[in-house]
Amino acid sequence: MNITLEQAESVIAAAKKKATEINTKMNIAVVDAGSNLIAFVHMDGGWIGSVDISMKKAKTAAWFQMDTKALTPLVQPGQPLFNIEHSNGGLITFPGGVILKDASGEIIGAVGVSGSTVDDDHEVAEAGAAAVK
């Protein structure tokens, strides 16, 4: 099963609301379980350079079926996935990509957020993900 457009729009709306609450301007991408882009928003004033990053965070979370925050310690020098970010046309392995699950716990997609600190990015992505639970 994959995320629907209606669900993706709910993720975007919840993430935008959180971004506004914490006074950030984000790029928010939602992909389905196969990492295909379903919805995207570039908030007014958001960094253009973060457009690609938000999409890659979403794809990375979907491809590896885990939040990008969980990948961060695994990609450090000397760790088992060091340099994996150079695979698959470029991955983003720092916080801001969060998997999306349906009510039964099945992964239906992922959201990627970029435009502030990685902690803010992750917080906004989590707020978006909560919209489908």
Cluster link [X] to [Y], ILVMFWY, side chain under 4.5 Å:
X     : Y     : answer
Leu91 : Leu71 : yes
Val11 : Ile22 : yes
Ile84 : Trp63 : yes
Ile12 : Ile3  : yes

Any side-chain heavy-atom pair of [X] and [Y] under 4.5 Å:
X      : Y     : answer
Met43  : Thr24 : no
Met26  : Ser50 : no
Ile48  : His42 : yes
Phe64  : Asn88 : yes
Ile38  : Leu5  : yes
Trp47  : Lys25 : no
His122 : Asp67 : yes
Asn27  : Phe40 : yes

Quick one: closest heavy-atom pair of [X] and [Y], and the distance?
X      : Y      : answer
Ala131 : Ser10  : CB-O, 3.6 Å
Ala125 : Val111 : O-CG1, 3.6 Å
Thr68  : Lys57  : CG2-O, 3.6 Å
Val113 : Val124 : CG1-CG1, 3.8 Å
Asp121 : Pro95  : CB-O, 4.1 Å

Taking Glu106 for its side chain and Met1 for its backbone only, find out whether a donor-acceptor pair lies under 3.5 Å. yes
Mark yes or no for whether Thr72, through its side chain, and Thr93, through its backbone, hold a donor-acceptor pair below 3.5 Å. yes
Ignoring hydrogens and angles, state whether a donor on the side chain of Thr117 or Asp119 is under 3.5 Å from an acceptor on the partner side chain. no
Using a 6.0 Å cut-off, check whether atom CG of Asn83 has over 12 heavy atoms from anything other than its own residue. yes
From Lys101 NZ over to Ile108 CD1, what is the distance, rounded to the nearest 0.5 angstrom? 11.0 Å
